[in-house]
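Structure record follows, encoded as structure tokens.
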Amino acid sequence: SRFCQSGKSVLANFVSESIEGIGSYVPTQGVRILEYEKPNLNGTSKGAGCRFELWDCSGDQKFETCWPALMKDSHGVIIIFNPELPSHLKEIEMWYSCFVQQQPLLDSQCLLVAHHKPGNVEDIENLSLAYPLNKLKLIHSNLEEDPEDVRMEFMKYFRSIVNLINESREKEEMSIIS
């Protein structure tokens, strides 16, 4: 069972503004870590920037023994799939169970991305996901037609993760004080 060639590395490169590996398909072996800094994530010139590590995980289940190390201390999960492949629609349930439910992460810490490859026919209207996936935030990405919309959706997701981390940190600090 493989969850390969869904566009994970392409989107990771795009979001992190990396030019690594552009133009050719090379399957990710295990994991590839991209460090990314966003100076003003909140959209204003005030406030500190955020540094992210995007862990581009291989879709090949032969690396399953590495998954616990990949998940340790993660703050969010982005599941990228090719909606034109019926096998991907079935496998995202397994990825969700493994990377989100078993962590445990909140559903708000998970983003589903239906990545449409260049030249593929998009049928956004007919993509229906079964429970519990249908309660997750789902975006469609097409880097040929709407790259800035895709970037904006990722930034919204990153902001929500940063807000969750900050809220959690504040609660922890308040519990220490009281």
Side-chain angles (χ1 to χ4, degrees), residues 1-16 25 27-36 41 50 52-117 120-143 146 149-168:
S1 169
R2 294 177 179 262
F3 205 59
C4 302
Q5 296 190 27
S6 61
K8 296 178 300 296
S9 295
V10 168
L11 281 169
N13 287 343
F14 173 75
V15 169
S16 67
Y25 175 70
T28 302
Q29 298 299 307
V31 69
R32 190 175 63 106
I33 301 171
L34 295 137
E35 291 187 5
Y36 169 61
L41 184 66
C50 291
F52 297 93
E53 285 184 359
L54 299 177
W55 290 45
D56 177 12
C57 174
S58 172
D60 195 325
Q61 285 189 302
K62 74 180 182 184
F63 297 108
E64 188 173 357
T65 56
C66 303
W67 293 353
L70 301 178
M71 294 182 272
K72 186 177 180 344
D73 298 329
S74 66
H75 296 289
V77 173
I78 301 169
I79 300 173
I80 299 168
F81 64 98
N82 182 338
E84 280 101 31
L85 296 177
S87 63
H88 281 200
L89 295 174
K90 290 182 178 84
E91 289 182 39
I92 54 178
E93 290 183 42
M94 181 275 302
W95 287 89
Y96 170 73
S97 172
C98 184
F99 279 80
V100 179
Q101 291 180 316
Q102 294 176 25
Q103 285 316 299
L105 292 175
L106 301 171
D107 284 344
S108 61
Q109 291 172 276
C110 181
L111 177 66
L112 291 179
V113 180
H115 182 63
H116 301 273
K117 294 184 173 187
N120 285 355
V121 177
E122 291 186 46
D123 190 8
I124 292 172
E125 305 302 318
N126 291 329
L127 181 62
S128 62
L129 300 172
Y131 181 85
L133 300 173
N134 62 356
K135 60 185 180 150
L136 300 174
K137 170 82 173 160
L138 168 68
I139 66 168
H140 291 266
S141 75
N142 183 326
L143 296 181
D146 55 6
D149 287 348
V150 173
R151 189 180 311 279
M152 184 182 71
E153 289 294 337
F154 272 90
M155 291 307 115
K156 278 194 235 176
Y157 171 72
F158 292 151
R159 270 193 294 276
S160 74
I161 295 298
V162 168
N163 288 338
L164 278 172
I165 293 167
N166 289 338
E167 288 171 13
S168 175

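Worth saying up front: this structure is predicted, and the values here are computed from it rather than measured.
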Set of residues satisfying ring pair (Phe, Tyr, Trp, His ring centres under 6.0 Å) with respect to F154, sequence neighbours excluded: none

pair E153-L111: side-chain heavy atoms closer than 4.5 Å: no

Check: Q109 and V77 side chains under 4.5 Å, non-hydrogen atoms: no

Interatomic distance, F81 atom CZ to L133 atom CG [nearest 0.5 angstrom]: 8.0 Å

OH-CD1 distance between Y157 and I78, expressed to the nearest 0.5 angstrom: 5.0 Å

Parallel, tilted or perpendicular, as decided by the 30° and 60° cut-offs, for the rings of W95 and W67: tilted

Chi angles and distances behind the side chain to side chain contact (heavy atoms under 4.5 Å, CB included) call for L127, L89: CA-CA 9 Å; L127 181 62; L89 295 174; 3.6 Å; yes

Rounded distance [0.5 Å steps], NZ in K156 versus CZ in R159: 8.0 Å

Heavy atoms from other residues, nucleotides or ligands near NZ of K135 exceed 12 (cutoff 6.0 Å): yes

Exercise: identify the closest heavy-atom pair between V15 and M155: CG1-CE, 4.2 Å

Separation between CG of N163 and CD1 of I165, rounded to the nearest 0.5 Å: 9.5 Å

Candidate pair V150 and L11, rule side chain to side chain contact (heavy atoms under 4.5 Å, CB included), full reasoning: CA-CA 9 Å; V150 173; L11 281 169; 4.0 Å; yes

From CG (D146) to CD1 (I139), nearest 0.5 Å: 9.0 Å

Min side-chain heavy-atom separation L112-L129 under 4.5 Å: yes

Heavy-atom side-chain proximity of M71 to C98 below 4.5 angstrom: yes

Straight-line distance of H115 NE2 to N142 CG, nearest 0.5 Å: 7.5 Å

Non-hydrogen side-chain atoms of C110 and I79 separated by less than 4.5 Å: yes

Counterpart residues, side chain to side chain contact (heavy atoms under 4.5 Å, CB included), relative to S97 (two or more places apart): Q101, Q102

F52 side chain near I161 side chain, heavy-atom distance below 4.5 Å: no

Heavy-atom pair of closest approach, residues S16 and L54: CB-CD1, 3.9 Å

Considering all heavy atoms, the nearest Y96-P132 contact: CE2-CG, 3.4 Å

For S108, side chain to side chain contact (heavy atoms under 4.5 Å, CB included) partners two or more places apart: L106, L164

Nearest non-hydrogen partners of H140 and L138, listed with the distance: NE2-CD2, 4.1 Å

Contact summary for A130 and E93, nearest pair of heavy atoms: CB-OE2, 4.3 Å

From CA spacing to verdict: side chain to side chain contact (heavy atoms under 4.5 Å, CB included), H75, V162: CA-CA 9 Å; H75 296 289; V162 168; over 6 Å; no

